Amino acid sequence: MSLGEFDLIARYFTRPVRRAALGIGDDCALLAPGAGMQLAVSSDMLVEGRHFLSTVVPERLGHKALAVNLSDLAACGARPLGFTLALALPRADEVFLEGFARGLFALADAHGIELVGGDTTQGPLNICITAMGEVPVGGALLRSGAQPGDDLYVSGTVGDARLALEVFRGTQQLAGHDFERVREAMERPQPRVALGLALRGIASSAIDVSDGLLGDLGHILRRSGVAAVVEVDAVPRSAVLGAQPLALQRTCTLAGGDDYELLFTAPGPAADRVHGAAREAGIAVTRIGRIEAGQDLRLVDGEGRQVTHTFGSFDHFKA
Ligand code: ADP
Ligand code: MG
């Protein structure tokens with residue numbers, strides 16, 4: 001490496017901290033959660049070829065590496081405080097580092113969150129971020145709180161990232177500007193942090209959609225010990241995806257993955273508060289079904305007819 005490890009950290013990743021008690025440069029960073037707050041901690045690793053394609057622009061990769069972690073904090077209703085970055089790089093490529101850091105810090109600044117430490121090593125490109133946030137004691141949104149009778153909601157639209165992936169794989173084709181829009185959904189997801197915060201005390205359970213809507217819903221159902229009915233055609237999708245054949249729309253919306261929208265439940269009488277929270281957060285939420293007693297997941301179409309299809313969700317050791 002022409003650029004040494006410490007020069008690299010100093011040049012690309014060291015910025016003064018304002019919220020943390022101590023940032024980069026010592027053996028540990030020091031964070032100071034507020035009184036009565038719990039620390040919410042989540043790690044996500046991005047591996048080249050597994051989570052991103054080598055064609056991704058570095059700026060978008062920097063954005064996405066942090067976005068997927070902030071999405072986990074959002075799903076818990078946590079307010080982001082700081083994050084660490086563990087980075088393995090094949091070489092100290094300054095064009096890559098400059099773009100990566102730009103995308104990373106633009107999103108960090110948008111959320112008032114700062115980089116407080118990390119680790120840097122030579123090796124196959126691998127990015128691991130650990131994000132830390134705070135949430136009032138007992139106030140975190142969990143997967144385990146869904147109750148029979150609750151409504152099921154999802155934020156934004158889902159499925160575009162999967163459609164983009166299919167275009168990259170060559171199984172689908174899209175006009176240039178349509179492709180750019182779904183590619184943006186795949187490469188620049190927007191973590192729903194404001195919505196997670198606004199849903200505290202309103203949602204009974206929540207998860208972020210990273211491995212496919214039905215698979216992630218399955219985590220809520222198992223942790224909560226409940227069943228659900230999903231109205232498959234009510235699941236919100238973009239105009240670009242909505243113009244595709246119905247079977248493809250269903251695959252992308254229900255089993256797509258990489259959406260980073262919030263999937264959550266709330267009691268029926270809380271519907272007005274749910275929509276108030278969505279307005280406050282500036283993101284649409286759509287009711288897509290309900291929670292019932294039992295343990296199965298049923299899919300119905302707009303006329304209430306049963307939809308039979310097995311949509312797998314993503315599993316690293318099965319895929
Ligand atoms: P140590 O050997 O004590 O673990 P290092 O020499 O690995 O410390 O790192 C020096 C400092 O730089 C530490 O404060 C560490 O948190 C920080 N650091 C290392 N790599 C990164 C990175 N990629 N991003 C942010 N901070 C980093
Ligand atoms: Mg170290």
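Both counts, for ligands and for their atoms, begin at 1 and track the order of listing. Everything numeric here is computed off the predicted structure, so don't read it as measured data.
Between F105 and F100, a ring centre-to-centre spacing not shorter than 6.0 Å is recorded.
Within ligand 1, the atoms closer than 4.0 Å to a non-hydrogen atom of T120 are 19 (C), 20 (N), 21 (C), 22 (C), 23 (N), numbered from 1 in the order shown. Here is the list of ligand 1 atoms found below 4.0 Å of a heavy atom in G117: 16 (O), 24 (N), 25 (C), 26 (N), 27 (C). Those atoms of ligand 1 with a heavy atom of D27 less than 4.0 angstrom away are 3 (O). Ligand-side atoms of ligand 1 in range of F6: 6 (O), range being under 4.0 angstrom from any heavy atom. The ligand atoms of ligand 1 that sit less than 4.0 angstrom from a heavy atom of D26 are 13 (C), 14 (O). Taking a cut-off of under 4.0 Å to the non-hydrogen atoms of I24, the atoms of ligand 1 that pass are 12 (O), 14 (O), 17 (C), 25 (C), 26 (N).
When each of K64, H51, R162 is checked for a side chain to side chain contact (heavy atoms under 4.5 Å, CB included) with D258, only K64 meets the rule.
Contacts between I9 and ligand 1 below 4.0 angstrom, taking non-hydrogen atoms only, involve the side chain exclusively. Contacts between L115 and ligand 1 below 4.0 angstrom, taking non-hydrogen atoms only, involve the side chain exclusively.
Within the 4.5 Å cutoff, side-chain heavy atoms of F13 are placed close to those of L104.
For the pair G23 and ligand 1, the shortest N or O to N or O distance does not fall below 3.5 Å. Checked against a 3.5 angstrom limit, the closest N/O atoms of E5 and ligand 1 fall outside it. Between G25 and ligand 1, a contact under 3.5 Å exists for at least one N or O pair.
By the neighbour-count criterion of 12 heavy atoms within 6.0 Å, atom CE of M37 is densely surrounded, having more than that number from other residues, nucleotides or ligands. At most 12 non-hydrogen atoms from other residues, nucleotides or ligands lie less than 6.0 angstrom from CG of D272. Within a 6.0 Å radius of CD in Q306, other residues, nucleotides and ligands contribute more than 12 heavy atoms.
The minimum heavy-atom distance linking L22 with D26 is given by the pair CD2-CB, 3.8 Å.
Between D301 and R305, at least one side-chain nitrogen of the basic residue sits less than 4.0 Å from a carboxylate oxygen of the acidic one, meeting the salt-bridge criterion.
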